[in-house]
Amino acid sequence: MSYQNILTAKEDGIFQITLNRPDKLNALNYQTIQEVGMALREANNDSEVKAVLITGSGEKAFAAGADISEFAAYSREEAEKLSRDGNHVFTSIERSPKPVLAAVNGFALGGGCELAMACHLRVASENARFGQPEVNLGLTPGYAGTQRLVQLIGKGKALEYLMTADMISAAEAHRLGLVNYVVPQAELIGKSKEILQKIATKAPLAIAAVIRCVNAHFAYDEDGFEAEVEEFSDCFDSEDFKEGTAAFLEKRKAEFRGR
Ligand code: COA
């Protein structure tokens, strides 16, 4: 598919989505977020794709937030649609059965931070800066920043950053558990792909099951313990489980097929 505001590429089973509005620090306007959603669907429907990597173009920003110029004159109703539709896309990332990693190459502010937090894993370059500066604009976050920041760093620090609008350095983000790794910018994509390639050697159905179970921990309408019992049992019906256990007993490398 062709897109206006993002670039997509597929290599060695990894589908890369690059936010591509560098002159606007990859600010996330409505169209860009919808395109990310469409690209994710494309990746999830492609059996050659094992994992998804999201990054920003340029060396300055992953995404500097929702596009302020787009919503500055919005009515309440328009704001509600913007927030609901964006949340829909970000939740689809969180629920993606294939792992999604954010390679954060610079500013990840507002919607940029929220997009990174919707991904399953985050790797940051040393110059990355995170934050939810919406209160500077007279706003709350609108793409679940108040929810996922709490999930990732805990209530106390989340409230501090949400209320002060302070930026979080890459080192502090790592200390807080907001990012999995911090690496020099030149190594960002390499490290991100290395992690995804490792996951791609595991059983795809089991990976999807792990994602579902972990998400269930945070869902109000699901019992995570019950979800795990279900997913564990379902694995026993899969060919991958038979292959994985047989390979272990035969002392060879398993060849998983996602069935
Ligand atoms: N929405 C729309 N445009 C944005 C943007 C956003 N969130 N963030 C940056 N831009 C645009 C700037 O308006 C500027 O465009 P211009 O060259 O046409 O004037 C361009 O991107 C470069 O940004 P600039 O502010 O000149 O870069 P900087 O290095 O001085 O500052 C930031 C970088 C990230 C600190 C600053 O751009 C910023 O504070 N952005 C807004 C962050 C924010 O509040 N995000 C939450 C939105 S809900």
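One-based numbering along the sequence shown. Read the numbers this way: they start at 1 and go in the same order the structure lists the ligands and their atoms.
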Would you mind checking which non-hydrogen protein atom is closest to atom 18 (O) of ligand 1, with the distance to 0.1 Å?
-> Lys24 NZ, 2.6 Å
Between Asn105 and Phe62, which heavy-atom pair has the shortest distance, and what is it?
-> OD1-CA, 3.2 Å
Should Leu28 be listed as contacting ligand 1, given a heavy-atom distance under 4.0 Å as the test?
-> no
Scan side-chain atoms only and decide if Asn20 and Ser57 contain a donor-acceptor pair under the 3.5 Å cut-off.
-> yes
Top protein contact for atom 46 (C) of ligand 1, by heavy-atom distance = Pro133 CG, 3.8 Å
Closest to atom 38 (C) of ligand 1 among protein heavy atoms sits Leu109 CD1, 4.8 Å
Using heavy atoms and a threshold below 4.0 Å, how should the contact between Glu70 and ligand 1 be classified: side chain, backbone, both, or neither?
-> neither
Smallest heavy-atom separation, Leu188 atom then Val183 atom, equals CA-CG2, 3.6 Å
Distance-only N or O hit between ligand 1 and Ile68, under 3.5 Å | yes
Between Arg212 and Glu230, is there a salt bridge with N-O shorter than 4.0 Å?
-> yes
Taking N or O atoms only and a 3.5 Å limit, does Ala66 qualify as a polar contact for ligand 1?
-> yes
How close does the nearest protein non-hydrogen atom get to atom 36 (C) of ligand 1, and which residue and atom is it?
-> Leu25 CD1, 4.6 Å
State whether any protein heavy atom lies less than 4.0 Å from atom 29 (O) of ligand 1.
-> yes
Among Ala165, Gly110, Ala27, Gly112, which residue places a heavy atom closest to atom 3 (N) of ligand 1?
-> Ala27
Over all heavy atoms of both residues, which pair between Val182 and Ala170 is shortest? Give the atoms and the distance, please.
-> CG2-O, 3.5 Å
Hey, is Ala64 touching ligand 1 through its side chain, its backbone, both or neither, going by heavy atoms under 4.0 Å?
-> both
Straight-line distance of Lys98 NZ to Leu40 CG, nearest 0.5 Å = 9.5 Å
Side-chain heavy-atom pair Tyr181, Glu194 within 4.5 angstrom cut-off | no
Is any heavy atom of the protein nearer than 4.0 Å to atom 21 (O) of ligand 1?
-> yes
Distance to 0.1 Å, residue and atom name: give those for the protein heavy atom nearest to atom 27 (O) of ligand 1.
-> Lys60 NZ, 3.6 Å
Does the pair Arg21/Asp67 count as a salt bridge with the N-to-O cut at 4.0 Å?
-> yes
Output yes when a protein non-hydrogen atom is found under 4.0 Å of atom 7 (N) of ligand 1, and no otherwise.
-> yes
Phe241 atom CZ, neighbour heavy-atom count above 12 within 6.0 Å = yes
To the nearest 0.1 Å, how far is atom 17 (O) of ligand 1 from its closest protein heavy atom, and which atom is that?
-> Asp23 O, 4.4 Å
